[in-house]
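Written out below as structure tokens is the structure these notes cover.
Heavy atoms only: backbone and side chains are in, while hydrogens, waters and symmetry mates are out.
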Amino acid sequence: MPDIEIYSTAVCPYCIAAKNLLKSKGLAWRELRIDTDPVARAEMLQRAPGVRTVPQIFINGNHVGGFDQLAAAERTGKLAELLQATP
């Protein structure tokens with residue numbers, strides 16, 4: 001099973017869209033809420049330098065980006081490659 005992490009907030013429509021896309025593929029993820037956990041926020045900023053928006057998605061340790069990048073990866077087939085990569 002791939003290791004999927006999503007940095008998100010409670011009121012983020014793009015976070016919901018990303019989770020719905022992953023759910024439609026039968027995938028599970030670990031959600032890290034940056035609005036309630038300052039440690040998670042700091043970790044996200046360290047792992048994705050210069051990024052301040054959510055969601056920020058990591059698959060098997062690889063930074064995918066936000067929802068738009070996740071959807072683009074799905075369209076191009078890159079998401080399947082990321083899901084098969086070894087963490």
For Glu31 and Tyr7, does a side-chain donor sit closer than 3.5 Å to a side-chain acceptor? no
Nearest heavy-atom approach of Gln69 to Val64 is CB-O, 3.3 Å
Closest contact, heavy atoms only, Arg33 versus Ala10: NH2-CB, 3.2 Å
Single hit among Leu79, Ile6, Leu82 for side chain to side chain contact (heavy atoms under 4.5 Å, CB included) with Leu70: Leu79
What distance separates [X] [atom1] from [Y] [atom2], expressed to the nearest 0.5 Å?
X	Y	atom1	atom2	answer
Ser8	Ile57	OG	CD1	9.5 Å
Ile4	Lys19	CD1	NZ	13.0 Å
Gln56	Phe67	CD	CZ	13.5 Å
Glu81	Asn62	CD	CG	11.0 Å
Glu74	Ser24	CD	OG	7.0 Å

Please determine whether a side-chain nitrogen of the Lys or Arg among Asp3 and Arg30 lies less than 4.0 Å from a carboxylate oxygen of the Asp or Glu. yes
So do the side chains of [X] and [Y] get within less than 4.5 Å of each other, counting heavy atoms only?
X	Y	answer
Glu43	Leu32	yes
Val51	Leu45	no
Glu5	Trp29	no
Leu27	Lys23	no

Donor-acceptor pair, side chain of Asn60 and main chain of Pro2, under 3.5 angstrom: no
